[in-house]
Engineer: 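Starting off with a structure, shown below.
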Amino acid sequence: QVQLVESGGGLVQAGGSLRLSCAASGRTFSSYNMGWFRQAPGKEREFVAAISVSGRSTYNTDSVKGRFTISRDNAKNTVYLQMNSLKPEDTAVYYCATTDRNYATPRIRPTDYSYWGQGTQVTVSS
């Protein structure tokens with residue numbers, strides 16, 4: 001049973017930083033792609049960042065480029081999202097997800113992901 005558990009969310013002032021973690025269990029973590037998505041109240045879930053199996057290739061959505069960094073530690077079965085220069089519009093529930101196969105490139109479509117965590121709330125105050 002694949003399980004993903006996010007942590008690290010919270011309340012932060014605009015301009016601040018948070019580091020989200022997602023711990024995976026239930027299978028070989030290093031064999032699958034990982035991604036972060038978010039969903040704000042009243043909005044659809046949207047892609048934030050993704051990382052390849054090796055960790056050498058990443059992709060961010062335009063609104064977070066230069067501010068967010070995705071990384072993974074395959075030895076710890078954990079993927080991270082370092083979020084700097086946070087803005088009120090970053091407020092959302094953040095979800096990590098993993099694929100069911102090894103893709104060569106980072107995946108940005110929610111339909112490419114088979115397993116999801118329960119989410120962690122990030123609130124940025126102005």
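Along the sequence shown, the residues carry numbers beginning at 1.
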Engineer: Go through it in stages, so that I can follow the logic: the residues are N33 and T98, the test is side-chain contact (heavy atoms from CB on, under 4.5 Å), and I'd like the CA-CA distance, side-chain angles, deciding distance and then a yes or no.
Structural biologist: CA-CA 6 Å; N33 301 69; T98 186; 6.0 Å; no
Engineer: Has the side chain of T61 got a donor or acceptor atom that lies under 3.5 Å from a matching backbone atom of V48?
Structural biologist: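 No, T61 side chain to V48 backbone: no donor-acceptor pair under 3.5 Å.
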Engineer: Does T78 form a side chain to side chain donor-acceptor pair (under 3.5 Å) with D73? I'd like the steps, not just the answer.
Structural biologist: CA-CA 5 Å; T78 302; D73 186 336; over 6 Å; no
Engineer: Are side-chain heavy atoms of D100 and Y115 found at a separation under 4.5 Å?
Structural biologist: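 D100 reaches Y115 side chain to side chain.
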Engineer: Return yes when atom NZ of K65 has more than 12 non-hydrogen atoms of other residues, nucleotides or ligands closer than 6.0 Å, and no otherwise.
Structural biologist: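 For K65, atom NZ is crowded (more than 12 foreign heavy atoms under 6.0 Å).
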Engineer: Between S17 and S85, what is the shortest heavy-atom contact and its length?
Structural biologist: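 Of all heavy-atom pairs spanning S17 and S85, the closest is OG-N, 4.3 Å.
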Engineer: Dump the intermediate steps for ring pair (Phe, Tyr, Trp, His ring centres under 6.0 Å) on W116 and F37, then the final yes or no.
Structural biologist: CA-CA 10 Å; W116 296 79; F37 292 76; 4.9 Å; yes
Engineer: If you take all heavy atoms of M83 and Y94, which pair is closest and at what distance?
Structural biologist: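 Here M83 and Y94 meet closest at SD-CE2, 3.9 Å.
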Engineer: Side chain of T91, backbone of V124: donor and acceptor closer than 3.5 Å?
Structural biologist: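 Yes; judged by distance alone, with no hydrogens or angles, the pair exists.
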Engineer: Taking C-beta and beyond as the side chain, do C22 and W36 meet within less than 4.5 Å on heavy atoms?
Structural biologist: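 With C-beta onward as the side chain, the pair touches.
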Engineer: With a 3.5 Å distance limit and no angle check, can you tell me whether R72 reaches the backbone of F29 through a side-chain donor-acceptor pair?
Structural biologist: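 Confirmed, R72 side chain pairs with F29 backbone.
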Engineer: About how many Å separate CD of Q3 and CD of Q118, when rounded to the nearest 0.5 Å?
Structural biologist: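 One finds 9.5 Å between CD of Q118 and CD of Q3.
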Engineer: Less than 4.0 angstrom from a charged side-chain N to a carboxylate O is my criterion; do R38 and D90 meet it?
Structural biologist: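 Judged by the 4.0 Å cut-off on N to carboxylate O distance, R38 and D90 do form a salt bridge.
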Engineer: Aromatic rings Y59 and F47: how do their planes relate, parallel, tilted or perpendicular, breaks at 30° and 60°?
Structural biologist: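 It falls in the parallel class, under 30°.
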Engineer: Is it the case that the side chain of S54 and the backbone of R56 share a donor-acceptor pair, with hydrogens and angles ignored and the cut-off at 3.5 Å?
Structural biologist: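 Yes; judged by distance alone, with no hydrogens or angles, the pair exists.
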Engineer: Report whether I51 and L20 are members of the same hydrophobic cluster (ILVMFWY, side-chain heavy atoms less than 4.5 Å apart, transitive linking).
Structural biologist: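 In one cluster with I51: L20, yes.
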Engineer: For a quick test of reading the model, state the closest non-hydrogen atom pair linking A49 to N60 and the distance between them.
Structural biologist: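 It is CB-OD1, 3.2 Å.
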Engineer: Which atom names give the shortest non-hydrogen contact between S126 and A14, and what distance separates them?
Structural biologist: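 Nearest heavy atoms, S126 then A14: CA-CB, 4.4 Å.
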Engineer: Measure from the side-chain N and O atoms of S52 to the backbone N and O of T105, and report whether any donor-acceptor pair falls under 3.5 Å.
Structural biologist: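 Absent.
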Engineer: Looking only at atom types and distance, does a side-chain atom of T69 sit under 3.5 Å from a main-chain N or O of Q82, one as donor and one as acceptor?
Structural biologist: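 Such a contact is absent between T69 side chain and Q82 backbone.
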Engineer: Taking atom CG of D112 and atom OG1 of T99, what is their separation to the nearest 0.5 Å?
Structural biologist: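 Going from CG on D112 over to OG1 on T99, the span is 8.0 Å.
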Engineer: Has E6 got a side-chain atom pairing as donor or acceptor with G119's backbone, closer than 3.5 angstrom?
Structural biologist: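 Pair found, side chain donor or acceptor close to backbone of G119.
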Engineer: Is L18 reachable from V64 through a run of hydrophobic residues whose side-chain heavy atoms are each under 4.5 Å from the next?
Structural biologist: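 Cluster IDs for V64 and L18 match.
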Engineer: Does NZ or CZ of R107 lie under 6.0 Å from the centre of the six-membered ring of Y113, at an angle within 45° of the ring axis?
Structural biologist: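 Because its charged atom misses either the 6.0 Å distance or the 45° angle limit, R107 does not stack over Y113.
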Engineer: Look up atom CG in L81 and atom OG1 in T120, then write down how far apart they are to the nearest 0.5 Å.
Structural biologist: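 Result: 11.0 Å between the selected atoms.
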Engineer: Group every Ile, Leu, Val, Met, Phe, Trp and Tyr by side-chain heavy-atom contacts under 4.5 Å, then state whether Y95 and V122 land in the same group.
Structural biologist: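 Shared cluster, no.
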Engineer: For the residue pair V53 and S30, what are the closest heavy atoms and their distance?
Structural biologist: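 Closest approach of V53 to S30, heavy atoms only: CG1-O, 2.6 Å.
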Engineer: Roughly how far apart are M34 CE and Y80 OH, rounded to 0.5 Å?
Structural biologist: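 Answer for the CE-OH pair, M34 versus Y80, is 11.5 Å.
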Engineer: Show the nearest heavy-atom pair for residues I70 and G35, with the distance to one decimal.
Structural biologist: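 Here I70 and G35 meet closest at CD1-CA, 4.4 Å.
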